[in-house]
Amino acid sequence: MPEGHTIHRLARDLRRDLVDTELEASSPQGRFASGAKSLDGQVLTATEAAGKHLFLHAGPNLTLYIHLGLIGKFRRFEASTNRGDAVRLRFEREDFAWSLTGPHTCRLIEPPEVEEIIARLGPDPLRRRSSPDQFIDKAAKSNKAIGALLLDQNVIAGIGNVYRSELLFLAGIHPATPAKNLDGGVVRKIWDTTVELLRLGVRLDRIVTVTRADANGTKPGRLGPDNRLYAYKRTGEPCRRCDTPIATAPIAGRSIWWCPRCQPAR
DNA sequence: GCTGCATGATGAA
DNA sequence: TCATCCTGCAGCA
């Protein structure tokens, strides 16, 4: 589930649940035993998300750095449903627990590394002061397909495989279009849409891109599991706007989906 | 029960 | 570009 919206939502939920409290940390599965031991008893001071990277600050020089990767999850369980198994890190409370499974990265780092990680990311549409300028500049100079560029975290941080298909659908751009062929205004518009969609994703805690108009008046939050997206994984199904079958092909090593009519090749 | 895939990133080739 | 890592679960026998 992890694109940028997931991580920012986690930062928010973990902040509400755990900031200013003493952590009760353990590593049931054992792979983070020493880290959990270091965190145990520390007070969580702040949480922070940058792109798909999550930072839990426990004091001025101790930060837990988590990247969920493709299959990682960080979930909140009621105490009664709290299960062990593959849990890399658990924060236990009286009534609930946060359980981290399958993360790509989970380790303790110090402030300089936090800065390095954030510095090498492209602008994150969900961070307050981020500006699209760098993204627009890089796009203007890139020979890469826009479908590939949107996945490059050094160019724009937080977009994943679902959002890249959906953003290009909404922009009416064929995913194989070289980024530098796109007008700056078009790229800026992609950014604006990304801000909008990621924010909605944080609020709903799920990816929804279909607009009200295309959902026949149904509120996006009420859309069923099969009508929240325009293109992603809809191979052969009719486009929600023009009924043309959705196409797919690999770009940057992963499948992308588009509507051949709404997003014609140029 | 087993296989393969998944909203990701990396290091080797 | 490809294999690899991490886990869970849909789809299949």
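Numbered from 1 within each chain, the chains take letters A, B, ... in sequence-line order.
Looking at heavy-atom distances under 4.0 Å, A/Gly102 makes contact with a base. When heavy atoms are screened at a 4.0 angstrom cut-off, A/Gln29 is found touching the sugar-phosphate backbone but no base atom. Note on A/Arg164: nothing from the nucleic acid sits closer than 4.0 angstrom, heavy atoms only.
Put simply, A/Arg228 has no side-chain N or O that comes within less than 4.0 Å of OP1 or OP2 on B/dT7.
Here B/dA9 is the nucleotide among B/dA9, C/dG8, B/dT7 with the atom lying nearest to any side-chain atom of A/Lys52. Here the nucleotide nearest the side chain of A/Arg75, chosen from C/dG8, C/dT7, B/dG8, is C/dG8. Relative to the side chain of A/Glu3, the nucleotides B/dT10, C/dT7, B/dT7 differ in distance, and B/dT7 lies closest. Nearest to the side chain of A/His104, among C/dC5, C/dG8, B/dT7, sits C/dC5.
Note on ring orientation: taking the six-membered ring where Trp is involved, the planes of A/Trp257 and A/Tyr232 are perpendicular (angle over 60°, cut-offs 30° and 60°).
Per the geometry, NE2 belonging to A/His67 stands 4 Å off P belonging to B/dA9, to the nearest Å. A/Ile207 places its CD1 atom 5 Å from the C1' atom of B/dT7, with the value rounded to the nearest Å.
Remark: B/dT7 base-pairs with no nucleotide; criterion is Watson-Crick or G-U wobble with both hydrogen-bond distances under 3.5 Å.
With ring centers used as reference points, A/Phe169 lies 6.0 Å or more from A/Trp258.
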